[in-house]
Amino acid sequence: MLDIVVIRRDPDRVRRSLQRRGLDSSVVDDVLRLDAEYRSALADLERTQSERRSLSEEIGRSSDKAAATAERRPQLDALSALIEERQERVRELAPELEGSPLRALLEHLPNLLDGSVPDGTDERANVTVRAWGERPQFDFTPKPHWELGEALGILDFERAVRLSGSRFSILKGKGARLARALAQFFLDRASARGYVEIAPPYLVTRTTMWSTGQLSKFADAMFRDEDTGLYMIPTAEVPLTALRGNEIIDAAELPCKYTALTPCFRKEAGAAGKETRGIVRQHQFDKVELVWLTQPERSFEALETLVDDAGSLLRELELPHRVVALCAGDVGFNAAKTYDLEVWVPSTNTYREISSCSNCTDFQARRAAIRFRRNAKSKPEPLHTLNGSGLAVGRTLLSIMENFQRADGSIAVPPALQPYAGFSILSSP
RNA sequence: GGAGAGGUGGCAGAGCGGUUGAAUGCACUCGCUUGGAAAGCGAGCAGAGGUGAUAAGCCUCUCGGGAGUUCGAAUCUCCCCCUCUCCGCCA
């Protein structure tokens with residue numbers, strides 16, 4: 001949620017950001033108009049409330065309260081009627097009330113883009129910041145991971161479909177073990193870099209989901225239980241970011257860094273027909289997430305650290321990859337700036353997103369009411385939140401399979417992972 | 001799922017219809033005191049919104065959430081949520 005005060009004071013900045021995202025900036029005028037109406041209605045209401053309040057206090061002070069009430073009766077009744085009327089008006093306009101037009105507009109305004117975000121409307125305009133590693137040279141034709149996996153008996157798509165339908169997969173034997181090893185490896189590295197490991201709920205309330213900004217945009221992408229109204233998390237970003245919601249954090253405690261391994265559930269409703277093969281895009285996948293809560297002035301520096309935290313995993317696993325700064329049109333709803341980490345996938349001869357690291361500035365913190373106090377005297381203010389994958393287990397697994405495949409269809413395990421896996425070669429049983 | 005108890009400021013904990021946004025204690029901030037500290041003393045210290053200069057001041061709202069009764073609600077009524085204890089079920 002954007003700060004309404006910023007919209008009031010610097011509407012041009014908001015318009016510019018919307019335009020860069022390729023969105024209609026005229027909503028800003030609607031917001032300003034509704035906001036002015038709301039504030040004038042609020043002032044009217046408060047004036048009337050104040051009048052009635054002083055009358056009530058007079059009654060409270062008098063010795064004969066019944067007489068005092070009777071005496072002021074007509075005035076009180078008139079004021080009460082007026083208050084009711086004006087309350088109704090305020091209710092219609094209030095930005096904090098669900099269902100009000102102003103709230104609806106505010107809810108759908110994406111975060112302000114940072115100035116350093118490159119221009120552009122879609123992923124073609126994304127800018128490669130740096131690349132790391134040598135792409136593997138094969139003296140044979142590299143196979144896609146699903147072929148390798150099925151041949152090795154570690155991936156089973158047929159039975160997964162039988163159990164749960166399309167976009168599910170089953171890992172078996174050493175495949176399952178390797179996935180577990182990766183998750184463990186990621187968590188250990190995150191801990192070493194100062195992230196506190198959290199085992200959060202995988203089901204969260206609508207309010208929690210709303211507070212991290214998932215609901216306005218991703219509502220139809222999420223699984224939800226009808227009975228309880230609980231949502232299955234699409235990423236651990238949700239519980240980790242909302243973890244400190246409605247709290248006022250001491251500045252000395254910042255930055256707070258959290259990590260969690262969780263399954264992520266996504267309907268992938270908009271992705272029909274895309275990437276139906278393999279384990280690239282699934283309804284359920286495991287991911288280790290990294291989340292920061294920082295002081296505002298440190299958040300962009302934190303973003304660079306976060307990207308390095310995620311990148312260090314790929315370096316250790318010796319997976320060739322690049323870091324891409326998303327262009328204006330490609331940066332998500334919550335984020336002010338995003339870097340994607342893309343890993344090399346030999347079978348498609350392309351880089352493929354394996355981590356997305358975003359600075360959400362105060363956008364989520366405002367919704368979730370995560371605030372901090374600079375010192376004992378100062379007012380609470382929203383802090384900045386960041387999140388990034390560190391990393392997606394399935395996508396890492398498939399990139400290891402493809403990058404480390406050998407002519408005989410076996411797969412070498414990256415040295416860093418071997419202590420976790422307990423084996424160095426994955427071959428047919 | 002059943003029965004009971006309870007949800008008040010950063011924490012603990014009073015208040016149970018009238019100037020109470022809230023006693024008291026702890027924590028915290030500032031000052032006095034001190035060689036320095038502790039203790040002691042004095043002052044301050046919830047959040048949100050509006051207005052103002054992102055000041056002071058002023059105004060409104062908030063005592064789990066929502067609705068209601070009343071001139072007036074933390075206090076009374078109803079609904080919901082949550083926590084705790086006991087019982088049941090259970091990985």
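The sequence lines fix the lettering, A, B, ..., with proteins before strands; numbering per chain opens at 1. Values below: all heavy atoms of this structure, side chains included; hydrogens, waters and symmetry mates excluded.
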Legend entry - Syn-anti status, with the boundary at 90° from 0, for the nucleotide B:rG65: anti
Inset, instruction - Answer yes or no: are there more than 12 heavy-atom neighbours, outside A:E253 itself, under 6.0 Å from its atom CD? - result: yes
Inset, instruction - Any chance you could lay out the side-chain contact (heavy atoms from CB on, under 4.5 Å) test for A:R8 and A:R39, step after step, and finish with the verdict? - result: CA-CA 12 Å; A:R8 251 179 237 155; A:R39 282 183 298 154; 3.5 Å; yes
Legend entry - Between P of B:rG49 and CZ of A:R86, the distance in whole Å: 23 Å
Legend entry - Between C1' of B:rU19 and CD of A:E58, the distance in whole Å: 11 Å
Legend entry - From B:rC71, B:rU19, B:rC61, nucleotide with atom closest to A:I59 side chain: B:rC71
Legend entry - Separation between the P atoms of B:rA46 and B:rU29, rounded to whole Å: 15 Å
Inset, instruction - Report yes or no: is the cationic atom of A:K174 (NZ for Lys, CZ for Arg) under 6.0 Å from the centre of the six-membered ring of A:F423, at an angle within 45° of the ring normal? - result: yes
Inset, instruction - Please tell me which of the listed nucleotides, B:rU19, B:rC61, B:rA67, lies nearest to the side chain of A:R91? - result: B:rA67
Inset, instruction - Please state how far atom CZ in A:R8 lies from atom P in B:rG52, giving the value in whole angstrom units. - result: 10 Å
Legend entry - For B:rC32, the Watson-Crick or wobble partner whose two distances fall under 3.5 Å: B:rG40
Legend entry - Among B:rC61, B:rG50, B:rA48, the nucleotide that comes nearest once only the side chain of A:R371 is considered: B:rA48
Inset, instruction - May I ask you to evaluate whether A:R52 reaches the phosphate of B:rC61, defined as a side-chain N or O under 4.0 Å from OP1 or OP2? - result: no
Legend entry - Nearest-nucleotide comparison on RNA chain B, the residue closer to the 5′ end among A:D77 and A:E96: A:E96
Legend entry - Options B:rG47, B:rC71, B:rG50, nucleotide nearest the side-chain atoms of A:L76: B:rC71
Inset, instruction - In whole angstrom, give me the gap between the P atoms of B:rC16 and B:rU77. - result: 15 Å
Inset, instruction - Look only at the side chain of A:Q284 and the backbone of A:F168, and say whether a donor-acceptor pair between them is shorter than 3.5 Å. - result: no
Legend entry - Separation between the P atoms of B:rC79 and B:rC87, rounded to whole Å: 28 Å
Inset, instruction - Starting from P on B:rU60, measure out to CG on A:L45 and report it in whole angstrom. - result: 11 Å
Legend entry - Opposite nucleotide pairing with B:rC90, Watson-Crick or G-U, both atom distances under 3.5 Å: none
Inset, instruction - Indicate the atoms forming the closest heavy-atom contact of A:L303 with A:C357, along with that distance. - result: CD1-O, 3.6 Å
Inset, instruction - Specify the separation, in whole Å, of atom CD of A:E84 and atom C1' of B:rU69. - result: 13 Å
Legend entry - Basic-acidic side-chain contact under 4.0 Å: A:E88, A:R91: yes
Inset, instruction - Tell which nucleotide pairs with B:rU83, taking only Watson-Crick or G-U wobble pairs whose two distances are both under 3.5 angstrom. - result: B:rA5
Legend entry - Shortest side-chain distance from A:P380, nucleotide among B:rG49, B:rA48, B:rC71: B:rA48
Legend entry - B:rA43 to B:rA53 separation - C1' atoms, rounded to the nearest Å: 28 Å
Inset, instruction - Side chain of A:S50 only, please: which of B:rU60, B:rA48, B:rU19 is the nearest? - result: B:rU60
Legend entry - Nucleotide nearest A:E46 (side chain, heavy atoms from C-beta), chosen from B:rG50, B:rU19, B:rC71: B:rG50
Inset, instruction - Determine the sole option in A:E237, A:R244, A:E197, A:E289 for which the side chain to side chain donor-acceptor pair (under 3.5 Å) test with A:Y258 is passed. - result: A:R244
Legend entry - Pairing partner (Watson-Crick or G-U wobble, both distances under 3.5 angstrom) of B:rU75: none
Legend entry - Pairwise C1' distance for B:rA73 and B:rU8, with rounding to whole Å: 14 Å
Legend entry - Distance, C1' atom - from B:rA22 to B:rC63, rounded to whole angstrom: 8 Å
Inset, instruction - Measure from the side-chain heavy atoms of A:R73 and tell me the nearest of B:rC71, B:rC61, B:rG47. - result: B:rC71
Inset, instruction - Determine: side-chain N/O of A:R61 to OP1/OP2 of B:rG18, distance under 4.0 Å, yes or no. - result: no
Legend entry - Rounded distance in Å between the C1' positions of B:rU51 and B:rG9: 26 Å
Legend entry - Pairing nucleotide - B:rG21, Watson-Crick or G-U, each distance under 3.5 Å: none
Legend entry - A:R72 CZ - B:rU70 C1' separation (whole Å): 16 Å
Legend entry - Whole-Å gap separating C1' (B:rG49) and CZ (A:R366): 14 Å
Legend entry - Closest to the A:R9 side chain, choosing from B:rU54, B:rG72, B:rU51: B:rU54
Inset, instruction - Using whole Å, report how far CD of A:E247 lies from C1' of B:rG47. - result: 15 Å
Inset, instruction - Classify the side chain of A:E57 and the base of B:rG72 as holding, or not holding, a donor-acceptor pair under 3.5 Å. - result: no
Legend entry - G-U wobble or Watson-Crick pairing nucleotide for B:rC63 (cut-off 3.5 Å, both distances): none
Inset, instruction - Write down the atom of A:G120, the atom of A:A125, and the distance for their closest heavy-atom approach. - result: CA-CB, 3.6 Å
Inset, instruction - Could you work out the separation of B:rU20 and B:rC59 based on their P atoms and round it to a whole Å? - result: 14 Å
Legend entry - Pairing partner (Watson-Crick or G-U wobble, both distances under 3.5 angstrom) of B:rU54: none
Legend entry - side-chain N/O A:R53 vs B:rC61 OP1/OP2, d < 4.0 Å: yes
Legend entry - Comparing A:E51 and A:G60 on RNA chain B - which has the more 5′ nearest nucleotide: A:G60
